[in-house]
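When a residue number appears, it is its place in the shown sequence, counting from 1.
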Amino acid sequence: MRTLLLDAPLTVPERARIKGDAAALVRLARNQGKGGMVESFLQEFSLATREGLVLMCLAEALLRTPDEDTRDRLIAEKVASADWASHLGRSDNLFVSASTWGLMLTGSLVDVDDEAKRDLPSFLRRIAGRISEPVIRTAIGRAIRIMSEQFVLGRTIEEALKRADSENLLCSFDMLGEGARTEEDAERYAASYAAAIDKIGAASKGDGPEDGHGVSVKLSALSPRYDAVQAGRKPSPVWDGLYPRLRRLALTAAEHDINLTLDAEEADRLTISLEILDRLAREKGLGDWRGLGLAVQAYQKRAPDVIDAVANLSRDSGRRLMVRLVKGAYWDTEIKRAQIAGRPDYPVFSTKQATDLCFLVSAEKLIRAAPQLYPQFATHNAHTLAAIRLMASRVGVKVEYQRLHGMGRELYAAAKGLDPSLTVRTYAPVGGHEELLPYLVRRLLENGANTSFVHTFLDEHVAVEAVVTDPIEDIEANPGRHPKIPPPPLLFGDERKNSSGLDLTIGEVRENLRKAVAGLKPLAAAPLIGGETLRGENRRAARAPADGAEIGLVSDASPADMSRAIARARAAQPEWDRISGPVRAKILRKMADALETERERFIAILAREGGKTFADGISEVREAADFCRYYARIAENDFVPRTLPGPAGERNLLSLHGRGVFACISPWNFPLAIFTGQIAAALAAGNAVIAKPAEQTPLIAYEAVKLYHRAGLDPDLLHLVMGSGSKIGAALTADPGIDGVAFTGGTDTAWAINRALAAREGPIIPFIAETGGLNGMFVDTTALREQVIDDVILSAFGSAGQRCSALRLLFLPEDTADALIHGLKGAMDALVIGDPSDPATDVGPVIDMDARALLEEHMARLARDAKILHRLAAPEGGSFFPPVLAEIPSPDFLTREVFGPILHVVRYRTDRLEEVAAKLAAQRFGLTLGVHSRIDGFAEDVARLVPAGNFYVNRSMIGAVVGVQPFGGEGLSGTGPKAGGPLALTRYAVERATSINIAAQGGDPDLMNL
């Protein structure tokens, strides 16, 4: 903020003049008459109201839903949940009034009866119950289409050009559509852009880039793998796929001499977009074309630097560039992504006034960069418009203003009334209703928010002075970040620090990880007892699943080693329990810090020994650190004596204590996160630990235990014993010195442990088990194709399908199954299968040859009894198994978990949902469950029909975050309590109640001193 304030381009007198000019614009616009349809609509149906949110949901989902039953249910649920009557008659705009009636299922489309006039809410509830009537469905659909058409200039480029001509609009056409998920999508979007450029060029009549129509291109539409991590691949989906398509479009635009602007997208694509612009600007085939442009987002903190970089590019390349400065359309997404990824801060500003100031600072740079840059300013804000006018006029630079189609008409009519020479371009979306939906929702979100200028611009109830506030003045008064948006490290407030991540889109980060892998020396792991590494027995080589190379040596624990470890742990545990939770918490936090300090090394070991991709390795180190900090906080809060209410003269206390020595048996699929988390939970509760890692991943476990010791933990409290489950695991669970068992792994092993513990003499000890699941996702016809594809691909094939939470069964409605399957096949083809230490890899190997053999055995059954829809090719060498898509006749085709990248599709009829869901529930697993739908009632039905420990709606089914999505199943999927949840430590502890008769000492001093 300080830097922005220092760079603020306006003097105090200029700021006062701008504020006055902006106020005059608002008054003039208000005096010209009623607002446009969209402004009036957004003013009435704010997103602060239930009705505004309902409209957003209906507009987003209704028109793409093919089956009438689902459309009827969507309408009934959304419309009946809102109070439309409260909006009736409050707007003079006919569009708003008609839409209100349409959304109330009345108006001219449905006769209004006497009941509606007497008791409108009751009438609405009653008629919503008869929602299946075709006339009502038609009414709602028509109302949504009317609203949609206010944001789109035409369904085709021909329609849009014709309308632009009739309304005398200068346009930049945006061919609507989501980013490509498949190569087929990318080819289709490229063809759509090419056809549009030809049509625009034919209609331009030589007007040139400044005075003629242009086109805006979304780079993510030209490749399913448009990101910096993929750019370095050979062949590169960016330089060998996206760029040639873009170059062809640019050559055509240059031939017609129209402008072509690269639209701005997510912050982590900014660098690669500038590299693409740099190469394109230097293309000799484009001649002296002056129509190449870039959109720059002012909500990004890098915006002023981007303007400088583009100006330097223009000077260096000799090509005049057009720059559209926008405030930005994905602010909420950037906030969420930074929080989830554990970034040190946000790439965007957290307050609107900071974005507004950055816009002014960037605008000054852009204006002063003329004529190398042609300044274009997209705004619907009167204050911003007035400020740009002043800054441009004082240096005599011609600038262009831009507005979204359907918005800003009144503002610019007022501005042109004061200055007829203003050049105003309309950003005009083009496309059918289905392509419109995500765009429409984004516009509603941006401009329907209470803080939006558009929302208040024409509202007579809002004082003009409140509409045209000066961002510099606002920031001088409140220079800090938004009080309700803490930086990502402080996401959890005083409870704990959010773990820090790494950004793989940064080249230096990728290179550091490559070096960490290359620099790994041969590792060794052996029993670690009391801090001493023993010789062990059965010495053998550890091999990397990616290539079979030897990466270290491993020795197993002997029975004598294990007995020694248990004895030392039992001796050390009482003092550890006595020192209380807050002291134990300090050591756990030191462990979390140590993990983050050495994360590159751990990510490298995870890649080599566990076959983890860099992205998975980053997440795993973060989860391990999160476990340590989360359980530290529980230890501080819960593992101190608690005074309970009672009668005078008594003191009653309840305290939690460790049970003794816990055996922690962890899996190979999360060899650091679950291994560390089990140990942290047991230690936090006051126990000592004997840790047994999976046979496949002892090297990571050995390094983690040594790190615990270096963090200050008494080595006698944590011992490491390696070996087979049948030998070491069985001996551990049978030993009377073990007071509890925490286990994550297969269901068969859990049954064996349970039987062994039941056969023991002595105390009944707790068994905390988390096992696998037959995890399903149910999709209905309201779901958005692109969201479904993204989440299914990640949930089924992320981590090579080797997560207990991974998606195994995908339930698709018959109406849309074929289209979704087609999209999934294309998205699978875009996956990169290969060396996990290559940053571009999406899917690494399965853990070993035994795991691959089990998957091949299942494939033989699928080929025989089901239908294999798609299978990718696997690299040579290593234990790779490629992603597979198969269709099975019924969910009960699977009776046990298939642990790998095989996704099973089940088609279902919407009227037989209960029958299909019952077959899944009958398997009695209950780990994760997913739904993709815009109907709340559908999600509720699925959750009721298929019990599961973790339920995910409209998102992926993997990646549970400690303390945010506590993880664990029920039935055959686990015993609970959930890992990373507030009750996680309860079964690691015992409760002890103490009652002291204070009156026995002569009285109760607290009572006497009242």
Side-chain angles (χ1 to χ4, degrees), residues 177-192 218-246 613 615-616 777 779 783-802 806-808 810 812 816-836 838-846 852 855-856 859 862-863 866-876 878 880-887 900-905 932 956 958:
E178 290 289 278
R181 268 40 179 198
T182 70
E183 277 297 312
E184 184 181 302
D185 288 346
E187 290 287 357
R188 186 175 69 255
Y189 287 135
S192 174
K218 182 156 59 172
L219 295 181
S220 62
L222 300 180
S223 171
R225 303 311 305 268
Y226 165 48
D227 64 67
V229 179
Q230 297 296 322
R233 272 171 51 201
K234 300 295 181 186
S236 167
V238 174
W239 300 115
D240 300 314
L242 183 157
Y243 186 79
R245 290 178 180 129
L246 179 63
T613 64
D616 284 340
M777 176 187 288
V779 177
L784 182 64
R785 169 187 178 267
E786 289 77 11
Q787 287 180 352
V788 172
I789 290 173
D790 289 348
D791 291 339
V792 167
I793 293 291
L794 180 61
S795 300
F797 305 129
S799 306
Q802 298 175 118
L807 173 61
R808 309 296 179 199
L810 176 63
L812 297 178
T816 55
D818 286 339
L820 287 171
I821 288 169
H822 184 72
L824 288 170
K825 290 179 182 179
M828 288 172 67
D829 289 336
L831 291 173
V832 180
I833 307 158
D835 182 358
D838 180 345
T841 294
D842 299 304
V843 181
V846 295
R852 190 173 81 171
L855 294 170
E856 292 290 4
M859 281 296 293
L862 288 173
K867 183 180 181 182
I868 297 173
L869 300 173
H870 200 51
R871 183 178 189 180
L872 303 185
E876 294 293 326
F880 288 94
F881 184 90
V884 172
L885 184 67
E887 185 170 345
I902 301 177
L903 176 60
H904 307 85
V905 172
H932 262 274
S956 77
I958 62 173

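- The shortest non-hydrogen separation linking I789 to A827 is CG2-CB, 3.5 Å.
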Check the pair R871, F881 against side chain to side chain contact (heavy atoms under 4.5 Å, CB included), reporting the backbone distance first and the verdict last. CA-CA 10 Å; R871 183 178 189 180; F881 184 90; 3.5 Å; yes

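- Side chains of L824 and L810 form a contact here, defined as non-hydrogen atoms less than 4.5 Å apart.
- In this structure, S236 and Q230 have side chains that are not in contact, with every pair of non-hydrogen atoms separated by 4.5 Å or more.
- The line from CG of L794 to CG of D842 is 10.0 Å long, rounded to the nearest 0.5 Å.
- A distance of 9.5 Å separates OH in Y226 from CG in L246, rounded to the nearest 0.5 Å.
- Judged by distance alone, with hydrogens and angles left aside, the side-chain atoms of H904 form a donor-acceptor pair with the main-chain N or O of R808 at under 3.5 Å.
- Under the 3.5 Å distance criterion, the side-chain polar atoms of T841 are matched with a main-chain donor or acceptor of D835.
- Counting heavy atoms from C-beta outward, I902 and L862 have side chains that approach closer than 4.5 Å.
- Between the NE2 atom of H932 and the CE atom of M777 there is a distance of 4.5 Å, given to the nearest 0.5 Å.
- Not one N or O on the side chain of R245 forms a donor-acceptor pair closer than 3.5 Å with the backbone of A190.
- Nearest heavy-atom pair across L831 and R225 is CA-NH1, 4.0 Å.
- Minimum interatomic distance between E183 and P224 (heavy atoms only, all atoms of both residues): OE2-CD, 3.3 Å.
- Between I958 and S795 the shortest heavy-atom distance is CG2-O, 4.0 Å.
- Contact record, P845 with G834: CD-O, 4.4 Å, taken as the closest heavy-atom pair.
- Nearest heavy atoms, A231 versus W239: O-CD1, 3.5 Å.
- A salt bridge (charged side-chain N to carboxylate O under 4.0 Å, His left out) with R785 is found for one member of D818, D185, D790, D791 and no other, namely D185.
- Separating the OG atom in S223 from the CZ atom in R181 is a distance of 11.5 Å, to the nearest 0.5 Å.
- P875 places a side-chain heavy atom less than 4.5 Å from the side chain of I833.
- Side-chain contact between I821 and H870 is absent, with no heavy atoms from C-beta onward closer than 4.5 Å.
- Taking 4.5 Å as the limit, some side-chain heavy atom of P901 sits within range of a side-chain heavy atom of V846.
- Residues D829 and T182 have side chains not in contact (no heavy-atom distance under 4.5 Å, counting atoms from C-beta outward).
- Summarising the geometry, atom NZ belonging to K825 is positioned 7.5 Å from atom CG belonging to L885; distances are rounded to the nearest 0.5 Å.
- Inter-residue side-chain proximity for R233 and D240 is flagged as unmet; no heavy-atom pair is nearer than 4.5 Å.
- Remark: side-chain polar atoms of T613 are paired, donor with acceptor, to backbone N or O of D616 under 3.5 angstrom.
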